[in-house]
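Here is the structure we will look at, set down as C-alpha cells.
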2 protein chains.
Amino acid sequence: MKSDLLAATQATAPPSSRRALIAGFATELFHRKGYAATSMRELASVSGIEAPSLYNHFSSKETLLHEICFGMADAFVSTARRIAAMDLPVEDRLARAIEEHLRLLFSDREAVGVFVNEWRHLSEPSLQTFKSLRSDYEQFFAGLFQEGMHKGVFRQGDPLWLGRQLLLLMNGSVHSTARPDSEALADLGRRFYSLWMHGVASPTTQPD
Amino acid sequence: MKSDLLAATQATAPPSSRRALIAGFATELFHRKGYAATSMRELASVSGIEAPSLYNHFSSKETLLHEICFGMADAFVSTARRIAAMDLPVEDRLARAIEEHLRLLFSDREAVGVFVNEWRHLSEPSLQTFKSLRSDYEQFFAGLFQEGMHKGVFRQGDPLWLGRQLLLLMNGSVHSTARPDSEALADLGRRFYSLWMHGVASPTTQPD
DNA sequence: CGCGAACGAACGATCGTTCGTATGTTTGGG
DNA sequence: CCCAAACATACGAACGATCGTTCGTTCGCG
C-alpha cells in the first residue's frame, strides 16, 4: 500500500546490490559507535528500510560483523602469502609488506576500524577462527624479522614482539593520518620503513 | 530479612570501601566486554549485590566510565607535567617519558584498556574535556620531538605524528607483553627507547 | 505464477534506572 | 550510658524504553 512508491523507486534503483549497501552502512556504524552500541533499527534507518527487512539480506546482526571482520582478515592473510612467496631480500619484503598493509588499511578505513576493534564481539566458533587468522598474519611479520636477524640485517630481538608492535603502529596510524592518495601512501610506507629501520635519532648520533 | 547475614558479614567487612571495589569490577568488565556490552546487572552480580544497590555508590553507569577514564587521564597529564619541568637533555626526557608512561600503563592494565578503547562512550561535555586532556598529552610528546629536532638530536619529521605513533605503540604493547616486574619494566622502557631511536636495522647497515 | 523483498505488528528479553522499604550503623542529647 | 533520630546501604518490584528477532502478509518484477 503505502510502500508502493518506495518499492517502485528503491527496490529497482540500486545497481549495486542493496545487500552491499547495507554492509557498508553497517561498517560505518560499527566503526563510529561500536558493534554493541549499534542497533539494527538504527542500521535500518540509515539504510532507508525498516528493521525486519534487514533480515532478508543478513540472517543476524552478528553475520554483518562476521562478514566485515573476515573480509578484512582474508585480504590481509592472502596479501601476506603473496609477499612471502616473493624472491626478494628480506628487508625489501618488509618494505613491501608495510606498503601493502598500508594500502589495505587505507582502502577501507572503516572496515579496518571494525576489524581491529570489534572482532571480540564475534562468538564461537568464529572467534577462534578469527584469532587464528590474526595469528597467522602476525607470524608472517615475525618470520620476516626472524629471517632478517638470522641474516644479520636486523638487530637481535623478539621477532613476534616486533611484528606485533609494527602492526599496532600501522593499524593505529589510520586514525592519526589524513587520507593519502596513492603517492602519499607510498611515501607513508617509506616513512614507516625508515622509522622502523633507523629510528628517529639523527644519523650522527651514536647508538648505545 | 534475608539480608541480615550479608549485611552483618559484608557491610562492615571491607576496609577498602565497597565503592572502590565496584569501580574495580567495572573496570574489569568494561575492559573485557566493552562498556556498551556490560550491563549494570552483570556488574552488580560480580559485585555480590543487586543492580539497584549500585546506585547507592554511583549515580549512573556513565559515572563509572567517567571515573575510570579521567582517573587515568589525570595520571598521564600530571606525569607529563612533572617530566616537562625536569632539567634534562631532551633525549633523556624522552627516555624518562617512555619509562613513566609504561609504568602507568602496567600499573593498571585494565583501566588503561578502558581509557584507550571506551572513552568514546562518554557523553558531552565530558567527552570534550577528555579529548582536550588527551591532546595535551600528545602535545607533550610532540614537543619533545620538536625540541629534539631543533637541537639536531632527532631527524626531521612531523613531531605530532611521531608523538601519536609512539603513544600508539606503547599503549598497544599492554596487550602483547607479559606483566613485567619493575626490573623488566625498566628494560622494556629501554627496548622502546632504543627501537624508537635507532630502529631495527643492524648498526652496520647504512641508512638511506 | 512464484519469488525476492518490503512492511507493520508484535514477541520475549533485557536495558538503565526509580521507588518504597527494611535493616544495620553512627551519632548526639538527656 | 542509653535510646532515638539520622544516615548508609541493601533489597524486591517495577517502570518505560529499547533490544534482536519472528511472523504473516503484501506487492511488484520476471
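Letters A, B, ... are given to chains in the order of the sequence lines, protein chains preceding strands, and every chain is numbered from 1.
Per the geometry, CD belonging to A:E50 stands 15 Å off C1' belonging to D:dT26, to the nearest Å. Between B:I49 atom CD1 and D:dG12 atom C1' the separation is 14 Å, expressed in whole Å. Atom pair B:L21:CG and D:dA10:P shows a separation of 11 Å (rounding to whole Å applied).
For DNA chain C, the residues of residues 52-62 of chain B within the heavy-atom distance limit of 4.0 Å (strictly under) are B:P52, B:Y55, B:S60, B:K61, sorted by number. The stretch residues 28-44 of chain B comes close to DNA chain C through B:T38, B:S39, B:M40, B:R41, each having a heavy atom under 4.0 Å from the strand.
Looking at B:F154 and B:E147, their side chains never come closer than 4.5 Å, going by heavy atoms from C-beta outward. Two residues are said to be in side-chain contact when any heavy atoms from C-beta on lie closer than 4.5 Å; A:L144 and A:I83 fail this criterion. Put simply, the side chain of A:L195 reaches to within 4.5 Å of the side chain of B:W161, judged on heavy atoms.
Checking A:H101 against A:N171 by side-chain atom types alone, a donor-acceptor pair falls below 3.5 Å.
Every side-chain hydrogen bond (donor to acceptor under 3.5 Å, both in side chains) that B:T63 has, sequence neighbours left out, goes to B:S59, B:S60. Shown here are the ring pair (Phe, Tyr, Trp, His ring centres under 6.0 Å) partners of B:H121, two or more places apart in sequence or in another chain: B:Y35.
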Just distance, no hydrogens or angles: give the donor-acceptor pairs under 3.5 Å from side chains in residues 102-113 of chain A, sequence neighbours left out.
unit_1 : atom_1 : unit_2 : atom_2 : d
A:R103 : NH2    : A:E99  : OE2    : 3.0
A:S107 : OG     : A:L104 : O      : 2.7
A:D108 : OD1    : A:E110 : N      : 3.4
A:D108 : OD1    : A:A111 : N      : 3.1
A:R109 : NH2    : A:V174 : O      : 2.7
A:R109 : NH2    : A:T177 : O      : 2.7

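Applying the salt bridge (charged side-chain N to carboxylate O under 4.0 Å, His left out) test to every pair with at least one member in residues 120-137 of chain A, sequence neighbours left out, gives these pairs: A:R120-B:E118.
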